[in-house]
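Counting begins at 1 with the first residue of the sequence.
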Amino acid sequence: PLSYNAFDPRLQLWVAACLYRYYIDQHELLYGPLDDESAEAIYQDARKLGTTLQVRDDMWPADRVAFDEFWKRTLDDLNIDPPVREHLHGVAAMAFLPAPLRLLAGRFNLFATKGFLPPEFRALMKMSWLATQERQFDRLTRQAAAQGGGAVMPMDGIRRADDVILSVLPLSFDAGF
């Protein structure tokens, strides 16, 4: 296994690159492509974000074309080993939550996580993704985009979820969670 150091600038470059790429991918999924001026402004903001994560300015790819080349090269070398895959799956399925909350939100969060992941990452995570799931996810994201990208759950569903969460919180703290 690779040793991990949270202050390693190369690893932090990967973190900043993933955050940038995630933002761009989600924006384009929900609203369509960015114009060049907006895309460049976001890219420069991502560069600044990287510097807050121990990434030296000269490490960040010079422009968006250089970033795309960096991204493709990095994906070619990417590997997710079984313990990391298992941990990430647990995070996506919200396995860390007490049973009522995990049962309420975990399955949906895992579905949404799979849907938002690019196919290369789903493959590395060994996550199946069927055509029917893709259609459901497309429908969900279209609905979210139509509502301004906000929550797709009706307000009464959110209130019911809040009631459940508030009712089990004291139990969670008593159980040491």
If you compare all heavy atoms of [X] against all heavy atoms of [Y], which two are closest, and at what distance to 0.1 Å?
X      : Y      : answer
Val91  : Asn109 : O-ND2, 4.1 Å
Asp36  : Arg64  : OD1-NH2, 3.3 Å
Met94  : Ala105 : SD-CB, 3.7 Å
Thr132 : Arg135 : CG2-NH2, 3.0 Å
Leu49  : Thr52  : O-OG1, 2.5 Å
Ala46  : Trp60  : CB-CZ2, 3.7 Å

**Message:** Tell me if a side-chain donor or acceptor on Arg85 pairs with a main-chain N or O of Leu124 at a distance below 3.5 Å.
**Reply:** yes

**Request:** Indicate, with yes or no, if Met125 and Trp14 share a hydrophobic cluster defined by side-chain heavy-atom contacts under 4.5 Å among Ile, Leu, Val, Met, Phe, Trp and Tyr.
**Result:** yes

Rounded at 0.5 Å granularity, tell me how far [atom1] in [X] sits from [atom2] in [Y].
X     : Y     : atom1 : atom2 : answer
Ile80 : His89 : CD1   : NE2   : 12.5 Å
Glu40 : Leu34 : CD    : CG    : 11.5 Å
His87 : Phe96 : NE2   : CZ    : 9.0 Å
Met59 : Gln12 : CE    : CD    : 9.5 Å
Leu53 : Phe7  : CG    : CZ    : 10.5 Å

Quick one: does [X]'s side chain get under 4.5 Å of [Y]'s, heavy atoms only?
X      : Y      : result
Thr51  : Arg56  : no
Tyr43  : Ser38  : no
Phe121 : Met127 : no

**Message:** Checking Arg47 against Gln44: is there a side-chain donor and acceptor pair closer than 3.5 Å?
**Reply:** yes

**Item:** side chain to side chain contact (heavy atoms under 4.5 Å, CB included) evaluation trace for Lys114 with Phe137
**Value:** CA-CA 9 Å; Lys114 286 181 179 183; Phe137 184 74; over 6 Å; no

Exercise answer: donor-acceptor pairs, residues 66-76 side-chain atoms, under 3.5 Å, sequence neighbours excluded:
from, atom 1, to, atom 2, distance (Å)
Thr74, OG1, Phe70, O, 2.7

**Prompt:** Tell me, which pairs form a side chain to side chain donor-acceptor pair (under 3.5 Å) where one or both residues lie in residues 120-129, sequence neighbours left out?
**Reply:** Trp129-Glu134

Quiz: residues 19-29 side-chain donor-acceptor pairs under 3.5 angstrom, not counting sequence neighbours:
from, atom 1, to, atom 2, distance (Å)
Arg21, NE, Asp25, OD1, 3.1
Arg21, NE, Asp25, OD2, 3.4
His27, ND1, Gly32, O, 3.4

